[in-house]
Amino acid sequence: MITFPRTTVFGLVRRVAATELTNPSIYVLICEPEAMSAVQSDLAAEIEVQLGADLRSFDASHVTIDILAQAIASNRTPGVTLLAMARWEHTLVDSIDRNIVLLTQVGPVLFLTSFDVAERILTRAPNLRSRLADVLIIGPDEPIGGAS
Amino acid sequence: MQKQAESAPTTVAFDRRQVYRPFLESLNAVAPSRDVFARDLIIPRVHDPHDLHQPPIYEALAQTAELNRGAQMALVGGIGSGKTTEMLLTQKFLNRHSDAVNVFVDMADYTDLNELNPGAILATIGIRLYAWLKRKGDVPDAASVAYRKLRQLAFPQRKLVSPEALEPDYDGEEGVWVETPGLMKARFPDLRHEVKEVKDLALAVASPLLVDDAQITFLIDGLDRLINVERFREFAEQDLRALRGTKITVIVVAPLMLLYDKSRFIQDYFDIVKHIPAAKGQQETAFLRQILERRGVLELMDRSELSSIVKFSGGVIRDLLTLASSAAADAYRDQQDRIAPRHVRAAVNQLGNRYLVGLGNVQRRRLRRLAENEEFNVDDPVSVALLVNRQVLEYFDRGRESFAVHPALAKVLPKPE
């Protein structure tokens, strides 16, 4: 099994905060499918706290490259874009791979997905893979004073 | 050491961010090339990477455009090899003549490259030339009319049509078309009707410039991402061929696979083909070092770390920046003021794992064979995929072509069980 570095939601946002929000960067974030919505909520909260910005989330099964590109291009305020991909979306990933420059025009873009889907993204989208800032395994933040 | 960092006051962490932030921004491998130019971070090559005695690619392409109007040139290179940068350097070089019309286009900015149709490149050329004319002042009526028709053809339309108008237009013609092969096989297929139409409109838009004998050069990026050789060939045979004889010069970025295609289409079709291989050899290594030094890496790492990054990048410029940036991010996460060897090692492993993901036994065997015997045949689909995906890199050193497993991948490639 190939492993990627682990991070927390806090750690990822801290990493994103290391550069300006207008600086383009693309991350693939791998998490357990059942934890995806919890990670998404934690990310939204952490981005608001650490960066004072919005997380704009999209469900991969409901978007096309045009919708995604338009959403990124029309952002008036700096923010973070998240694409949650619960299952493999061949057409969308193929479009993203060929039109990858549209995702590298402004701000961070996060692909939140499972290991299986991430594997297919890395294999079948070489243009996207070549532009990734990082591939990280992420889980929801542990609650402070949580289970011991 | 670690304890000291952990117990340091908050202001120290804040200062570290100020150190790493500009560094990470200057190393951003996906920053728009125009921004990188604006920040003066570009290091142009001083020679053609294929032949150290030849001028750099951007100079050769620009000089051909200046002297042979209507020339068609292709720039080939693997993912992350620096093709866009070379195109922008070419444009900058061409801009030395203020009367030249030089237009850089990434086709993805105009249409989904997955749904690109023949004629789209011609339409884009017409649209961009109209914008150029508009910026410069008055546009003749004929060019404006042609532009409006061009837009109607290029973009989806929505209009109210009466039901009668939707009836099939049957003109009573009887019989079927029969094709009879001639004595000579046509070298290229006929231009499609719609491509001819778009060509006429694009040329009508361009006519004020062509009448003035202007030097028009289009630098078209993005077609390399089509990857599929046949798709690229279709655009060359339709859009680019329609431009032959028009005195509009085109320089296109083409997929790497065309270079190894048995039909030799790219070599036969284009007037000039330039290739950016992965960087190898003394001069090319010095070039990679300069790229990192220009971006300030020596403020945060020693020369030995810089050398490791150059080595494990395999000579792929984007991987070079990715490795330096990953190592910096790791050092920042580790609360260190400088990048240490362990941060570089972690970055190399990360990059190697990205290349390793999804490789099955067949591919792994092929990679091991290449690593052990330098045996690599570009004729079969498995090898082609490895090359396109950059798990295998192509080099050209002192007139000799060679292949090697990407060094970051080689580092993590499991040994056979």
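Everything numeric here is computed off the predicted structure, so don't read it as measured data. Hydrogens, waters and symmetry mates play no part in the numbers below; they use all other heavy atoms, side chains included. In what follows, every chain begins at residue 1, and chains take the letters A, B, ... in the order their sequences are listed.
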### Task
Taking all non-hydrogen atoms of both residues into account, name the closest pair between A:R14 and B:R333 and its distance.
NH1-CA, 4.1 Å

### Query
Can you find a heavy atom in the side chain of B:N28 that is under 4.5 Å from one in the side chain of A:T19?
no

#### Entry: Under 3.5 Å side-chain donor-acceptor pair for A:S130 and B:R318
yes

### Task
Examine whether an atom of A:L103 lies under 4.5 Å from a heavy atom of chain B, and if so say whether it belongs to the side chain, the backbone or both; otherwise answer neither.
neither

### Query
Can you find a heavy atom in the side chain of B:N389 that is under 4.5 Å from one in the side chain of A:R129?
yes

### Query
With respect to chain B, which residue among A:G11, A:A118, A:A18 yields the maximal number of heavy-atom pairs within a distance under 4.5 Å?
A:A18

### Task
Check the surroundings of atom CZ in A:R87: do more than 12 heavy atoms from other residues, nucleotides or ligands lie under 6.0 Å from it?
no

### Task
Answer yes or no: are there more than 12 heavy-atom neighbours, outside A:R6 itself, under 6.0 Å from its atom CZ?
no

### Task
Mind checking the CZ-CZ spacing from A:R98 to B:R231? Nearest 0.5 Å is all I need.
7.0 Å

### Contact summary for B:I79 and A:P126, nearest pair of heavy atoms
CD1-CB, 3.4 Å

### Query
For B:D106, is it the side chain, the backbone, both or neither that has a heavy atom under 4.5 Å from a heavy atom of chain A?
side chain

#### Entry: Gap between atom CG of B:L321 and atom CZ of A:R131 - 0.5 Å precision
12.0 Å

### Query
Under 3.5 Å, is there a donor-acceptor pair between the side chain of B:R21 and the main chain of A:A17?
yes

### Task
Count the heavy atoms of every other residue, nucleotide or ligand shown that sit under 6.0 Å from CD of A:E32, and state whether that count exceeds 12.
no

#### Entry: For the student: nearest non-hydrogen atoms of B:S326 and A:A133, plus distance
OG-O, 4.0 Å

### Query
For chain B, which of A:V101, A:T104, A:N99 has the most heavy-atom pairs under 4.5 Å?
A:N99

### Query
Do the non-hydrogen side-chain atoms of B:Y332 and A:R15 ever get within less than 4.5 Å of each other?
no

### Task
Compare all side-chain heavy atoms of B:R354 with those of A:I2 and state whether any distance is below 4.5 angstrom.
no

### Part of A:A69 within contact of chain B (heavy atom distance under 4.5 Å)
neither

### Summary
Whatever's closer than 4.5 Å to a heavy atom in chain A on B:T84 counts as neither

### Per-residue contact mode, A:P5 against chain B (heavy atom under 4.5 angstrom)
side chain

#### Entry: Contacting moiety of B:N353, where chain A heavy atoms sit under 4.5 Å
both

### Message
Measuring only between side-chain heavy atoms, which start at C-beta, is B:Q350 closer than 4.5 Å to A:V135?
### Response
no

### Task
Go through the atoms of A:S95 and report whether side chain, backbone, both or neither lie under 4.5 Å from a heavy atom of chain B.
both

### Query
For the candidates A:L122, A:I65, A:L102, A:D134, which exhibits the highest count of non-hydrogen atom pairs separated by less than 4.5 Å from chain B?
A:D134

### Query
For A:T64, is it the side chain, the backbone, both or neither that has a heavy atom under 4.5 Å from a heavy atom of chain B?
neither

### Task
Answer with side chain, backbone, both or neither: which region of B:D330 has an atom nearer than 4.5 Å to a non-hydrogen atom of chain A?
neither

### Closest heavy-atom pair and its distance - B:R225, A:D97
CD-O, 3.7 Å

